[in-house]
2 protein chains.
Amino acid sequence: MNTLAEENYLKAIFALMDENGEVMVNELSQRLAIKMPTVSSMMKKLANKNLVTYESYKPIRLTEKGRVEAALIIRKHRLTEMYLVEKMGFGWEEVHHIAEQIEHIQSPELFAKMDELLGFPALDPHGSPIPDSSGKMIPREYQKLSHCKTGEKVKITAVVNTSHEFLTFLNGKQIHLGLEMIIHSLEPFDGSMTISYKENKETISSVVTDRILVEQL
Amino acid sequence: MNTLAEENYLKAIFALMDENGEVMVNELSQRLAIKMPTVSSMMKKLANKNLVTYESYKPIRLTEKGRVEAALIIRKHRLTEMYLVEKMGFGWEEVHHIAEQIEHIQSPELFAKMDELLGFPALDPHGSPIPDSSGKMIPREYQKLSHCKTGEKVKITAVVNTSHEFLTFLNGKQIHLGLEMIIHSLEPFDGSMTISYKENKETISSVVTDRILVEQL
DNA sequence: TAAATTTGTTAGACACAACTAACAATTTTA
DNA sequence: TAAAATTGTTAGTTGTGTCTAACAAATTTA
């Protein structure tokens with residue numbers, strides 16, 4: 001069994017591997033807001049438990065065991081988010097903070113029950129895939145809105161960031177999963193994008209378009 | 001904010017005060033399965049935080065502040081148990097272990113939502129009162145089944161112990177909250193009691209009758 | 001009431017997970 | 001390629017919450 005701290009490291013390494021492929025001590029340190037020496041020594045501990053491969057000055061990688069354990073924590077997180085939204089009536093912007101805590105609950109029964117009551121969902125409220133109980137996860141193969149070109153018609157399939165602030169911003173612009181939009185123009189200077197959807201026409205910055213995943217229509 | 005360890009001490013002191021009025025270091029040590037020196041030093045810490053009153057060799061008591069904080073943790077525990085039984089379909093014997101973890105979640109919104117979805121319940125699935133959001137709790141004034149006399153007709157209003165083993169035992173004998181029963185005989189030697197209810201007639205030990213609370217009919 | 005038992009405290013150690021300060025390796029850039 | 005910047009490690013400290021061993025106070029009982 002892993003400690004709370006270990007679980008948080010595993011999750012962060014998993015997320016960073018997903019984003020960048022390789023994970024440096026420095027990145028992990030910044031992501032977790034934990035100083036490098038602490039991360040360094042934790043890596044030795046996780047390597048000892050055969051959850052990561054790690055040699056001094058080399059990148060960190062999850063082992064297969066570590067990958068599965070990380071995926072199972074993410075499974076609990078995403079099932080919880082889905083449960084909170086679908087069964088308890090929370091908004092998608094409210095659930096991250098709660099799921100961040102409930103993901104550490106030790107009770108296979110609780111999460112099996114959520115899964116069952118939800119009808120075994122494939123995606124969480126932010127469009128991210130929920131790993132199955134063996135830790136397998138269908139990879140998202142959607143592209144960032146920021147990589148789309150003028151004139152394209154796209155549909156929002158997921159959001160990359162689940163913070164309260166970001167999702168409240170999207171709520172304010174009535175942007176949600178499944179929304180279809182047309183890309184009107186793209187400002188080369190700063191990457192800001194003008195989009196139209198329903199009766200709206202909005203210009204959004206690249207900070208936003210980087211965090212929205214879409215599929216082509 | 002209190003740590004996980006501190007919350008568990010507060011809860012245990014609250015429960016022991018409820019049962020015995022006063023709490024000794026020794027009792028707390030046994031209840032929590034933590035050695036006396038550790039309890040002793042934690043009492044100094046809690047006294048410093050103004051959560052308990054404590055002087056060496058004297059009994060421990062919760063301050064008003066400590067009492068409220070303990071009650072709010074118990075509120076979260078009991079709301080969770082009720083939610084798990086009523087909304088998720090768990091048996092009353094399955095929920096203690098899960099609630100024991102969820103009671104430490106920091107999210108007033110989550111528990112407010114449970115409360116609302118449950119229709120502001122007064123009692124948990126074991127018949128124990130749920131403290132309100134200011135920490136107030138209606139005292140149970142029921143008596144132990146073990147204190148009842150032959151010939152009395154009583155109704156089960158609560159169980160004192162919520163362990164999986166005890167409740168599974170009761171399930172096996174089809175004993176549940178609200179059940180009405182007649183006390184046929186009481187064995188003076190060991191306190192075992194013969195009761196009848198519905199089509200059943202059972203003899204149960206004082207270990208069991210001590211853990212069942214009833215009201216007279 | 002003196003001895004025995006129970007209860008509680010003090011002192012010191014340990015594991016965990018964080019930190020800072022100092023130094024070392026690696027990578028970038030001038 | 002040498003200097004500068006970045007990244008990472010080592011060594012030592014801290015706070016939390018646990019422990020054991022030894023001693024001290026309080027209570028029970030003979």
Side-chain angles (χ1 to χ4, degrees), chain A residues 1-17 19-62 66 69-70 73 100-101 103-104 106, chain B residues 1-17 19-62 66 69-70 73 100-101 103-104 106:
Chain A
M1 201 66 311
N2 304 316
T3 66
L4 181 56
E6 288 168 347
E7 291 199 347
N8 285 330
Y9 280 93
L10 288 177
K11 237 191 357 152
I13 298 168
F14 188 98
L16 288 169
M17 279 183 72
E19 292 165 26
N20 314 335
E22 290 189 337
V23 185
M24 310 298 262
V25 171
N26 192 31
E27 295 171 306
L28 199 46
S29 167
Q30 288 188 269
R31 173 69 65 110
L32 292 168
I34 288 171
K35 295 290 182 288
M36 286 205 294
T38 309
V39 172
S40 223
S41 69
M42 181 58 97
M43 287 312 101
K44 284 176 200 150
K45 195 180 166 199
L46 294 183
N48 254 338
K49 295 180 80 168
N50 197 29
L51 293 166
V52 304
T53 56
Y54 175 63
E55 284 176 272
S56 282
Y57 299 101
K58 298 257 172 69
I60 300 154
R61 264 192 214 81
L62 288 174
E69 298 200 7
I73 298 162
E100 201 73 8
Q101 300 177 68
E103 70 191 5
H104 301 293
Q106 303 292 327
Chain B
M1 200 68 308
N2 304 315
T3 65
L4 180 57
E6 287 168 349
E7 291 199 348
N8 285 330
Y9 280 95
L10 288 176
K11 237 190 359 153
I13 298 167
F14 189 99
L16 287 168
M17 278 182 73
E19 292 164 27
N20 315 336
E22 289 188 338
V23 184
M24 308 300 261
V25 171
N26 192 31
E27 295 171 305
L28 199 47
S29 167
Q30 289 187 271
R31 172 68 66 110
L32 292 168
I34 288 172
K35 296 289 183 286
M36 286 205 295
T38 308
V39 172
S40 224
S41 68
M42 182 58 96
M43 287 312 100
K44 283 175 200 152
K45 195 181 166 199
L46 294 182
N48 254 338
K49 294 180 80 168
N50 198 28
L51 294 165
V52 304
T53 56
Y54 174 63
E55 285 175 89
S56 283
Y57 300 101
K58 299 256 171 69
I60 300 153
R61 266 192 213 80
L62 288 174
E69 299 201 6
I73 300 162
E100 201 74 7
Q101 300 177 70
E103 71 191 2
H104 302 291
Q106 303 290 326

Is the closest side-chain heavy-atom distance between [X] and [Y] below 4.5 Å?
X     : Y     : value
B:I13 : B:R31 : no
A:R61 : A:V52 : no
A:T38 : A:Y9  : yes

[X] [atom1] to [N] [atom2]: how many Å, rounded?
X     : N      : atom1 : atom2 : result
A:N26 : C:dA25 : CG    : P     : 19 Å
B:Q30 : C:dT6  : CD    : P     : 12 Å
A:M36 : D:dT7  : CE    : C1'   : 5 Å
A:I60 : D:dG8  : CD1   : C1'   : 10 Å
B:E27 : C:dG8  : CD    : C1'   : 13 Å
B:L28 : C:dT7  : CG    : P     : 14 Å
A:E22 : D:dT7  : CD    : C1'   : 15 Å
A:M43 : D:dT7  : CE    : P     : 17 Å

Non-neighbouring partners of B:K58 that pass salt bridge (Lys or Arg N to Asp or Glu O under 4.0 Å), sequence neighbours left out: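 Residues passing salt bridge (Lys or Arg N to Asp or Glu O under 4.0 Å) with B:K58: none at all.
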
Salt bridge (Lys or Arg N to Asp or Glu O under 4.0 Å) against B:K45, all qualifying residues, sequence neighbours excluded: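 Applying salt bridge (Lys or Arg N to Asp or Glu O under 4.0 Å) to B:K45 gives B:E6.
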
Distance-minimising heavy-atom pair for A:M17 and A:L62: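 Reported closest heavy-atom pair: SD-N, 3.4 Å.
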
Listed partners of B:Q106 passing side-chain contact (heavy atoms from CB on, under 4.5 Å), at least two apart: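 B:Q106 satisfies side-chain contact (heavy atoms from CB on, under 4.5 Å) with A:Q101, B:M1, B:E7, B:K76 once adjacent residues are dropped.
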
With sequence neighbours excluded, residues passing side-chain contact (heavy atoms from CB on, under 4.5 Å) with B:S29: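 Here the qualifying residues are B:M36, B:V39.
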
Touch class at under 4.0 angstrom, heavy-atom based, for A:K44 against every strand present: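 Counting heavy atoms under 4.0 Å across all strands, the contact made by A:K44 is with sugar-phosphate only.
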
Electrostatic pair B:K11:B:E100 at N-O distance under 4.0 angstrom: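 Result for this pair is yes, salt bridge flagged.
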
So which protein N/O to nucleotides 15-18 of chain C N/O distances come out below 3.5 Å?
residue : atom : partner : partner atom : Å
C:dA17  : OP1  : A:T3    : OG1          : 2.6
C:dA17  : OP2  : A:K45   : NZ           : 2.0
C:dA18  : OP2  : A:Y9    : OH           : 3.1

Sugar-phosphate or base contact per nucleotide [nucleotides 21-28 of chain D; S, B, -; heavy atom under 4.0 Å]: B---SS--

